[in-house]
J.: 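Quick one: this structure, given as structure tokens, is what I'll be asking you about.
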Amino acid sequence: MLLDSIKSTAEITVLARTSLLLIHFNKLETKTESVDQTSTYLLGIMPVSTSDPLCRIIALFNQAGGVAKSTLTQNLGYHLAKREHRVLLIDIDPQASLTKFMGLVPSQLQKTVADAIIDEQPLPIHEGIHGMDLVPASRVLSGAEMQLVSAAMRDLRLKEAVEFVLEEYDFILIDCPPSLGLLSYIALVAATHVLVPVETHIKAFEGTDELLQTITHVKNKANRKIQIAGFIPTRYAQQNSADKRALAAITEQLSAWGRIFPPIPRATAFVDASEERAPLAVFDPKHPVVAILEEIAKALEAL
């Protein structure tokens, strides 16, 4: 039972809050489907077949830092590319970890995603990095977030920039910053799906309700069609009893919101691979985590 794996009052409180949020989220889902069906009927439009899905825009989002968002963005993008999908990665984190992992030096870049969302220029796309394309970031984004506060139609800045390249890609993965600020918000507005890495640590639950509240707010106000692709437990140590309890709690608490993917173990190989500016499957193809990443990438194809 869930109460066997969750011990603190704070965690029980989070469970209660997320349960209430889920009720509201599901109501929004039903309302969105109803509006779509009514609009289709009134306009006399035949439903569009989904057998050939359009570009899936997946925001990897968690306001907590150190949960492997950038690592997962790079590695899942690589596995999707190896499965013959056209993949674009967008770094919208001022720390620019993804940009560095992909082998670029942020301070040497003439154009970044900031130029697209502030000056409304075309996305500066670097092509063919391990079979993927990349829109890089730099510390300039910190100032750009401040400028967004007073920008006209700020919520749509990234969404509109992405719309110009939708036909060129099957998957667009957005690496969000570890915050609930405007940069994360505009990424969620632009996304069709949100994928949530969650560290297998009890403290990770303290912000879970805020995270889900933000997603629900976006669905309620700015992006009715956003879906939760699932949750990826990260930094998991199977031999650690606390990690086992945390994983059990994640599964019990969040499975009603979306799929719980297999946990990503703690592995120094990720650090080594990032130092070599390569995905794990390139750095160490036989590493056991590679199979887990491949399994998650395969599941994303069904979105």
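Residues take their numbers from the sequence shown, with the count starting at 1.
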J.: Nearest heavy-atom pair of Leu188 and Ala59: which atoms, and what distance?
T.: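 Answer, listing the atom of Leu188 first, then Ala59: CD2-CB, 4.2 Å.
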
J.: Under a 3.5 Å distance rule, please check whether Arg224 uses its side chain to pair with a backbone N or O of Lys221 as donor and acceptor.
T.: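 Here the side-chain-to-backbone pair does not exist.
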
J.: Do Val198 and Pro233 touch side chain to side chain, with heavy atoms closer than 4.5 Å?
T.: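 Result no, sub-4.5 Å side-chain heavy-atom pair not found.
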
J.: With rounding to the nearest 0.5 Å, note down the distance linking CG in Leu76 to CD1 in Ile264.
T.: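 Between Leu76 CG and Ile264 CD1, I get 7.5 Å after rounding to 0.5 Å.
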
J.: Is the shortest heavy-atom distance from the side chain of Gln63 to the side chain of Pro178 under 4.5 Å?
T.: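 With C-beta onward as the side chain, the pair stays apart.
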
J.: Show the numbers, then the answer: is there a salt bridge (Lys or Arg N to Asp or Glu O under 4.0 Å) between Glu294 and Arg83?
T.: CA-CA 9 Å; Glu294 180 70 11; Arg83 297 180 67 84; 2.7 Å; yes

J.: How long is the gap from CG on Leu182 to CD on Glu145, to the nearest 0.5 Å?
T.: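 The CG atom of Leu182 sits 5.5 Å away from the CD atom of Glu145.
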
J.: Tell me whether Lys219 contacts the main-chain N or O of Ile226 through its side chain, where contact means a donor paired with an acceptor under 3.5 Å.
T.: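 Between the backbone of Ile226 and the side chain of Lys219 there is a qualifying donor-acceptor contact (under 3.5 Å).
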
J.: Test your reading of the model: is there a side-chain donor-acceptor pair from His201 to the backbone of Lys203, 3.5 Å cut-off?
T.: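 Such a contact is found between His201 side chain and Lys203 backbone.
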
J.: Any ion pair linking Glu168 and Arg86 (charged N to carboxylate O, less than 4.0 Å)?
T.: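 No salt bridge links Arg86 with Glu168.
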
J.: Between Gln121 and Lys111, do the side chains contain an N or O donor and an N or O acceptor separated by less than 3.5 Å?
T.: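 Yes, Lys111 and Gln121 have a side-chain donor paired with an acceptor closer than 3.5 Å.
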
J.: Is Arg235 reaching over with its side chain to a backbone N or O of Pro265, donor-acceptor style, under 3.5 angstrom?
T.: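 Checking the backbone N and O of Pro265 against the side chain of Arg235, no donor-acceptor pair under 3.5 Å is found.
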
J.: Any sub-3.5 Å donor-acceptor pair from Asn75's side-chain atoms to Thr71's backbone N or O?
T.: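 Present.
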
J.: For a quick test of reading the model, state the closest non-hydrogen atom pair linking Tyr169 to Cys55 and the distance between them.
T.: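 Answer, listing the atom of Tyr169 first, then Cys55: O-CB, 3.3 Å.
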
J.: Does Val105 share a hydrophobic cluster with Met102, counting links as ILVMFWY side-chain heavy atoms below 4.5 Å and allowing steps through other members?
T.: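 Val105 does not cluster with Met102.
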
J.: Can you measure from CD1 (Ile58) to CG (Leu195) and round to the nearest 0.5 angstrom?
T.: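 Spacing of CD1 (Ile58) from CG (Leu195) equals 6.5 Å.
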
J.: Is Ile117 linked to Val149 within one hydrophobic cluster, defined over Ile, Leu, Val, Met, Phe, Trp and Tyr using a side-chain heavy-atom separation of less than 4.5 Å?
T.: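 Looking at the clustering, Val149 is in the same group as Ile117.
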
J.: Taking the six-membered ring for Trp, are Tyr185 and His217 parallel (under 30°), tilted (30 to 60°) or perpendicular (over 60°)?
T.: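 The rings of Tyr185 and His217 sit tilted, inter-plane angle from 30° to 60°.
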
J.: Have a look at Pro263 and tell me which of Leu247, Ile250, Thr251 forms a side chain to side chain contact (heavy atoms under 4.5 Å, CB included) with it.
T.: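 Looking at Leu247, Ile250, Thr251, the match for Pro263 under the side chain to side chain contact (heavy atoms under 4.5 Å, CB included) is Leu247.
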
J.: Ion pair present between Asp243 and Arg266, side-chain N to carboxylate O less than 4.0 angstrom?
T.: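 Yes, charged N to carboxylate O under 4.0 Å.
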
J.: Decide yes or no on side chain to side chain contact (heavy atoms under 4.5 Å, CB included) for Thr73 and Phe101, but give the supporting numbers first.
T.: CA-CA 10 Å; Thr73 302; Phe101 291 172; over 6 Å; no

J.: Can you name the nearest heavy-atom pair linking Pro197 to Thr234, along with the distance?
T.: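 Result for this residue pair: CB-CG2, 4.0 Å.
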
J.: Hey, are the side chains of Leu293 and Leu72 touching, using non-hydrogen atoms and a 4.5 Å cut-off?
T.: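 In short, these two side chains touch, coming nearer than 4.5 Å.
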
J.: Where is the tightest heavy-atom contact between Leu104 and Pro136, given as atom of each residue plus distance?
T.: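 Scanning both residues, the minimum pair turns out to be CD1-CB, 4.0 Å.
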
J.: Mind listing the closest non-hydrogen atom pair of Ala137 and Thr99 along with its distance?
T.: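 So the minimum-distance heavy-atom pair works out to N-OG1, 2.9 Å.
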
J.: For Ala114 versus Val140, what's the shortest heavy-atom pair and its separation?
T.: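 Taking Ala114 first and Val140 second, the nearest heavy atoms are CB-CG1, 4.1 Å.
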
J.: Any side-chain heavy atom of Leu89 within less than 4.5 Å of one from Asp133?
T.: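 Counting from C-beta outward, Leu89 and Asp133 never come under 4.5 Å.
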
J.: Side chains of Pro106 and Thr112: closer than 4.5 Å at any heavy-atom pair?
T.: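 The answer is no, as the side chains (C-beta and beyond) never meet within the 4.5 Å cut-off.
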
J.: Would you compute the distance between atom OG1 of Thr192 and atom CZ of Arg56 and round it to the nearest 0.5 angstrom?
T.: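 The CZ atom of Arg56 is 8.5 Å from OG1 of Thr192, to the nearest 0.5 Å.
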
J.: Once you measure the plane-to-plane angle for His85 and Phe171, does it fall in the parallel (<30°), tilted (30-60°) or perpendicular (>60°) bin?
T.: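 If you compare the ring of His85 with that of Phe171, the planes turn out perpendicular.
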
J.: Treat each ILVMFWY residue as a node, draw an edge where side-chain heavy atoms are under 4.5 Å apart, and state whether Ile292 and Ile232 are in one component.
T.: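 As far as the 4.5 Å side-chain criterion goes, Ile232 and Ile292 are connected within one cluster.
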
J.: Do Leu156 and Ile174 sit in one hydrophobic cluster, given that two such residues count as connected whenever their side-chain heavy atoms are within less than 4.5 Å of each other, even indirectly?
T.: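 As far as the 4.5 Å side-chain criterion goes, Ile174 and Leu156 are not connected within one cluster.
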
J.: Are Leu88 and Ile125 side-chain neighbours, meaning at least one heavy-atom pair lies under 4.5 Å?
T.: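 Side-chain contact under 4.5 Å: yes.
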
J.: Determine, stepwise, if the pair Arg245 / Thr200 fulfils side chain to side chain contact (heavy atoms under 4.5 Å, CB included).
T.: CA-CA 8 Å; Arg245 291 195 299 271; Thr200 51; over 6 Å; no

J.: Evaluate side chain to side chain contact (heavy atoms under 4.5 Å, CB included) for Leu183 paired with Leu141, printing each intermediate quantity in order.
T.: CA-CA 9 Å; Leu183 292 175; Leu141 262 180; 4.1 Å; yes

J.: Are the side chains of Leu254 and Ile260 in contact, using a 4.5 Å heavy-atom criterion?
T.: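 The answer is yes; the side chains approach within 4.5 Å.
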
J.: Determine yes or no for a side-chain-to-main-chain donor-acceptor pair under 3.5 angstrom, with His193 supplying the side chain and Leu300 the backbone.
T.: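 A pair under 3.5 Å: no.
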
J.: Please tell me if the side chains of Leu123 and Phe164 come closer than 4.5 Å, counting only heavy atoms from C-beta onward.
T.: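 When only atoms from C-beta onward are counted, Phe164 and Leu123 do not touch, as no gap falls below 4.5 Å.
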
J.: For the atom pair CG (Asp93) and OG (Ser179), what is the distance rounded to the nearest 0.5 Å?
T.: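 Between atom CG of Asp93 and atom OG of Ser179 there are 8.0 Å.
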
J.: So, taking the atom named CG in Leu166 and the one named NZ in Lys159, what distance separates them when rounded to the nearest 0.5 Å?
T.: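 Going from CG on Leu166 over to NZ on Lys159, the span is 8.0 Å.
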
J.: Under 3.5 Å, side chain of Arg157 to main-chain N/O of Ile118, donor-acceptor pair present?
T.: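 Checked: pair present.
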
J.: Under the 3.5 angstrom rule, does the side chain of Thr216 hit a backbone N or O of Leu212 as a donor-acceptor pair?
T.: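 Checking the backbone N and O of Leu212 against the side chain of Thr216, a donor-acceptor pair under 3.5 Å is found.
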
J.: Do the side chains of Leu80 and Val290 join up, straight or via other hydrophobic residues, at under 4.5 Å, putting them in one cluster?
T.: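 Yes, one cluster joins them.
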
J.: Under the side chain to side chain contact (heavy atoms under 4.5 Å, CB included) criterion, do Lys298 and His79 qualify, and how do the steps go?
T.: CA-CA 8 Å; Lys298 185 177 180 179; His79 283 270; over 6 Å; no

J.: So, Asp91 side chain and Val135 main chain: donor-acceptor pair closer than 3.5 Å or not?
T.: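 No: the side chain of Asp91 does not pair with the backbone of Val135.
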
